[in-house]
Amino acid sequence: MVRAIYPGSFDPATFGHLDIIRRASALFDEVVVGVLNNSVKSPLFSVEERVNILENITADIPNVKITSFGGLSVNFARSCGAKVIIRGLRAITDFEYELQMAQTNRVLATDVDTMFLTTSLQYAYLSSTTVKEAAYFGADISKFVPEYVVRCVEKKYAGRVKQEGENSTF
Ligand code: ADP
């Protein structure tokens, strides 16, 4: 059985993430999506909410599991019995950071390899950050995230009052 992990923040998961998960699930016997419990970043969704969102939108993919983790991805990979870390590449701007991380992880753990899946063209521009900003300013985000995620994001922003002078960069 060849198992891979797909670690990330997923705050929240987008069609871009879902596309990578589906494609990875066709390549590996099992894909464990690891939601990073990152105490430095302050995410919009709690780690439990991000896990719930991913469970919901991947419910139809039988060989995908969702779990949270903290610390190093290579340690998470080992604890899952996985030899592969999946990452997505959108553009050249992702490449430098991803390459550095993959090389560092390779030094830390020679038994774990990183595999990159390049984004499907229709999702190349998508990021959780831009989805959140668009939603915050009232845009329809249904082209960016599954319907369940649209509802979760709308609920989060429902009670928020915008400050004077707060403007979108879009
Ligand atoms: P980070 O771990 O940097 O916070 P994310 O949680 O947003 O990043 O994403 C996890 C992984 O998914 C990263 O490898 C990222 O490059 C990839 N990814 C994010 N959005 C897309 C997309 N639209 N298409 C393909 N890959 C993506």
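Whatever order the structure lists ligands and atoms in, that order sets their numbers, starting from 1.
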Exercise for the section: Report, as yes or no, whether the 6.0 Å neighbourhood of atom NZ on Lys156 holds more than 12 heavy atoms from other residues, nucleotides or ligands. Expected result: yes

Handout entry: ligand 1 to His17 polar contact by distance, N or O atoms, under 3.5 Å
Key = yes

Problem - Minimum side-chain heavy-atom gap Glu96-Leu99 below 4.5 Å - result: no

Problem - ligand 1 contact by Phe116, heavy-atom criterion under 4.0 angstrom - result: no

Problem - Winner among Arg50, Glu98, Arg23, Arg87 once heavy atoms are compared against atom 2 (O) of ligand 1 - result: Arg87

Exercise for the section: Report the nearest protein non-hydrogen atom to atom 4 (O) of ligand 1: residue, atom name, distance rounded to 0.1 Å. Expected result: Ser9 OG, 2.7 Å

Practice task
Measure from the side-chain N and O atoms of Ser128 to the backbone N and O of Pro12, and report whether any donor-acceptor pair falls under 3.5 Å.
Solution key: yes

Practice task
Evaluate the criterion side chain to side chain donor-acceptor pair (under 3.5 Å) for residue pair Arg23 and Ser120; output intermediate values, then yes/no.
Solution key: CA-CA 10 Å; Arg23 287 160 57 202; Ser120 292; 3.3 Å; yes

Problem - Selected option - heavy-atom contact closest to atom 15 (C) of ligand 1, from Ser127, Gly88, Pro7, Ser73 - result: Gly88

Handout entry: Under 3.5 Å: donor-acceptor pair, side chain of Asp94, backbone of Leu89
Key = no

Problem - Heteroatom proximity flag, Leu126 to ligand 1, N/O under 3.5 Å - result: yes

Practice task
Starting from atom 24 (N) of ligand 1, find the nearest protein heavy-atom neighbour and note its residue, name and distance.
Solution key: Thr119 OG1, 3.0 Å

Handout entry: Under-4.0 Å heavy-atom contact with ligand 1, by part of Arg90 that carries it
Key = side chain

Exercise for the section: For the pair Ser46 (side chain) and Glu49 (backbone), establish whether a donor and an acceptor sit closer than 3.5 Å, ignoring hydrogens and angles. Expected result: yes

Exercise for the section: Decide whether the shortest distance between a heavy atom of Ile20 and an atom of ligand 1 is less than 4.0 Å. Expected result: yes

Handout entry: Under 3.5 Å: N/O of Tyr123 near N/O of ligand 1
Key = yes

Exercise for the section: State, with a plain yes or no, whether a side-chain heavy atom of Val32 is found less than 4.5 Å away from one of Tyr6. Expected result: no

Handout entry: Thr114 OG1 to Glu98 CD distance, which is reported to the nearest 0.5 Å
Key = 8.5 Å

Practice task
Report the nearest protein non-hydrogen atom to atom 17 (C) of ligand 1: residue, atom name, distance rounded to 0.1 Å.
Solution key: Tyr6 OH, 3.6 Å

Fill in the blank from the handout: Contact region, Phe15 to ligand 1, non-hydrogen atoms below 4.0 Å, reads neither

Practice task
Could you tell me whether Asp29 and Arg3 make a salt bridge, using a distance below 4.0 angstrom between a side-chain N and a carboxylate O?
Solution key: no

Problem - Distance filter under 4.0 Å to Gly8 heavy atoms, resulting ligand 1 atoms - result: 2 (O), 6 (O), 10 (C)

Completion exercise
Taking only non-hydrogen atoms of Phe10 and a 4.0 Å limit, the atoms of ligand 1 in range are 6 (O)

